[in-house]
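The structure appears right after this line, and notes come after that.
Quick note: numbers below take in every heavy atom, side chains included, and nothing from hydrogens, waters or symmetry partners. Naming convention: chains lettered A, B, ... in sequence-line order (proteins, then strands); numbering from 1 in each chain.
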Amino acid sequence: MPHIEEGVFRSKLIDRQNRGTAMRRLYAASFGVAILALVLLVLTIVNEAFGYVALVYKVEPETISDRPLAELTEPELVALLVEKAPGQLPKMVSDALSPMDLQTFARAPLGQSLADKQVPAEHADKAPADIPTGERAAVMGQILSGNLTQEQILELIEAAILQPTVSESWPLFEGLFNRGAIEERLVELFPDEITRPELRFKSWLRLEMLTKPMDSNPLVSGVRTALLGTVYLLIIVVLTAFPVGIAAAIYLEEYADPNKWYNRIIETNIRNLAGVPSIIYGLLGLQLLVRFMGDPATGGLGITSGQAFGIIDGTGRNIITAGLTLALLVLPVVIINAQEAIRAVPPSYRDASYGLGATKWQTIWRTVLPSALPGILTGIILSLSRAVGETAPLVVVGASTFIVQDPGLFTRFTALPIQIYTWTSRPQAGFRELAAAGIIVLLVLLIAINTIAFVLRNQARRRLQV
Amino acid sequence: MTQNGHHPRAVDIQNISVYYGSYRAVRDVSIPVEKNKITAFIGPSGCGKSTVLRAINRMNDLVPGARVEGQILYHGRNLYAPDVDPVEVRRRIGMVFQKPNPFPKSIFENVAYGPRLLGVRDKNTLRQIVESSLKQAALWDEVKNDLDKSGLALSGGQQQRLCIARTIAVEPDVILMDEPCSALDPISTQRIEELMQELVSQYTIIIVTHNMQQAMRVSDYTAFYSIRKAGEGKEETRWGELVEFGETQQIFTQPQEAETADYISGRFG
């Protein structure tokens, strides 16, 4: 008499198979939800980063030209500039064409300050300051028209004479699918048909964002200073957290005696530290790096604020302290991943290496680390992504919200997430959309970093395979 | 057991015991290993034959808590003397492992790994070492056009011969083989056995094997180990001991001990 009855087995078998099918559907549904969330995220960002605007001009285009500006020829455009904004022309030339700042530019011969540009021969040996005031604007206009395209000159006219500001802005999908409501709103805002601005498509994501610093006008504001800040932060993290983290992992896996109580406590706590909220690391960075090692004016050592290196006005709220704070933040993740990777190296590789008369260090360097490299790189991908997106610790350490000058190591700084956060909280029209464009820049940076790390990891992995 | 005392010995194991912590895993083993001969260690699982083998090139040092008592003489020097560097021991006494374990590197780099450890940098010298090692390991003709291919791309038997070439490349004079054929098919096994016969003119070989036919086929001397027990229930301890050592011919035809006779006739083990 068998213990398992045939009838029971049959009915249970159908049950078991059904359960499997149900689980498969559940997994597919979960996957669907995840994909849907991702698509929604992308759509939301695109919806904000592109859209429609109503621009209000300080000087209406109609008042400076009886034909639309786009129809004017280049000489006519330059003539407009010379007529309406004569005083601003030297600055325009200096900004657009010369590597010098305005002061130096004004005193240097044009042939020198615009060495590789088109300069009228008769003016090449003169500095802008030497040209009589009455003629200066015309000469500058000549230089502009010789070196810039019509489109670039049109942009100069916009910035210098028309000076547009965003009156109202609407997201992309509203502009596409609910045009009527927007038109009604425009009529409501500008009852007078003559001064009513026209609705224009606007891509907030512009290539110039990368090269322009922050500005209080969302139409011209860029992310250059924030992007530089983020890149510098990443460099500091790469240079500090990775060597220290990998070295610590090697020590813990290869040298530390796992039976000693203190090594066990250290291991456990590194795991705990990986889960500590990032704002706590911000507080640690503030106390240790900004205050204790920072500004002597508040009792610090003057190391991270730069006094020890001859910087006079350093406060300790800079790229160095922020970068080191982020390095502390990602260190546990780097250590844990490197440890796992080192532990996963087959013991037979070690045996082979020792068996040939390798020392411990030779075995680690020539066999263990190359085999562990793909795993270590995985940890690095994870931690770089985390460091790029962190905002809270930077706020605590003291990132600034508005930076126009490119940051140095000991100057005030900002970073992309901070910049985005600041923009989203500004009430003026245009900044929310600018924040969405900033998010796209951040995402592209993130994808670029991950792609590099991914390619490196796959190369390392391929080297280990057949 | 010392009837061959006047022959030159490559390694002289004198009364060693191996401990893991306070556990004495192998007790009082003495084996004189003759130069340019093949000595086989046989016995049931857990009898300590691999442990003794790994004591000879101090691989046991890598196991936390492992310790050896007694002495192993090599060219008249005790390998466990305080001034002996285990790194040097492992270079002079090479080892081939149970499972073929080439590095995840090219065939060339696998063989060049050892010489590089010792500081050989010159490309030409390395190339010569790689070629002569692969030739000695009877692998050269099969791989000479694929030296840049991964060692892992070879078949199991080729991988094991690559490991032998890698061992030879650091110019040891003793080669320890820990069940080198247990993961291989019969044809690959036969090639390794032929290779051992060729190598023995230049090297002293000690092989641990589960396969009694193999011991009979390849070895000149055989050491038979067995398990001893003491105590009852939870108090029970087991350890390995050497039962009998002698010329292979004699061990397999006229064993002195009843236990050896039982084992080789397949009555246990």
Quiz item: Does the side-chain contact (heavy atoms from CB on, under 4.5 Å) test come out yes or no for F103(B) and S353(A), once each step is laid out?
Solution: CA-CA 9 Å; F103(B) 296 115; S353(A) 180; 4.1 Å; yes

Is the number of heavy atoms from other residues, nucleotides or ligands under 6.0 Å of [X] [atom1] greater than 12?
X	atom1	value
Y20(B)	OH	yes
L13(A)	CG	yes
Y255(A)	OH	yes
W361(A)	CH2	yes
L36(A)	CG	yes
Y23(B)	OH	yes

Proximity breakdown for [X] and chain A, heavy-atom pairs closer than 4.5 Å:
X	value
K99(B)	neither
L62(B)	side chain
P102(B)	backbone
R116(B)	both
V87(B)	both

Quiz item: When only pairs under 4.5 Å are counted, which of R58(B), M59(B), M95(B), R92(B) shares the most heavy-atom pairs with chain A?
Solution: M59(B)

Working to the nearest 0.5 angstrom, can you tell me the gap between [X] [atom1] and [Y] [atom2]?
X	Y	atom1	atom2	value
T359(A)	D85(B)	OG1	CG	9.0 Å
R90(B)	D351(A)	CZ	CG	10.0 Å
Y349(A)	K105(B)	OH	NZ	10.0 Å

Quiz item: Which heavy-atom pair separates L356(A) from V170(B) by the least distance, and what is that distance?
Solution: O-CG1, 4.0 Å

Practice problem: Mind listing the closest non-hydrogen atom pair of G357(A) and L117(B) along with its distance? | Solution: C-CD1, 4.1 Å

Quiz item: What pairs meet the salt bridge (charged side-chain N to carboxylate O under 4.0 Å, His left out) rule with one or both residues in residues 165-179 of chain B, with sequence neighbours excluded?
Solution: none

Practice problem: Tell me, for R350(A) versus chain B, whether the close heavy atoms (under 4.5 Å) come from the side chain, the backbone, both or neither. | Solution: neither

Quiz item: Is it the side chain or the backbone of T367(A) that comes within 4.5 Å of chain B heavy atoms, both, or neither?
Solution: both

Quiz prompt | chain B neighbours within residues 323-348 of chain A, where any heavy atom lies under 4.5 Å away | solution = S348(A)

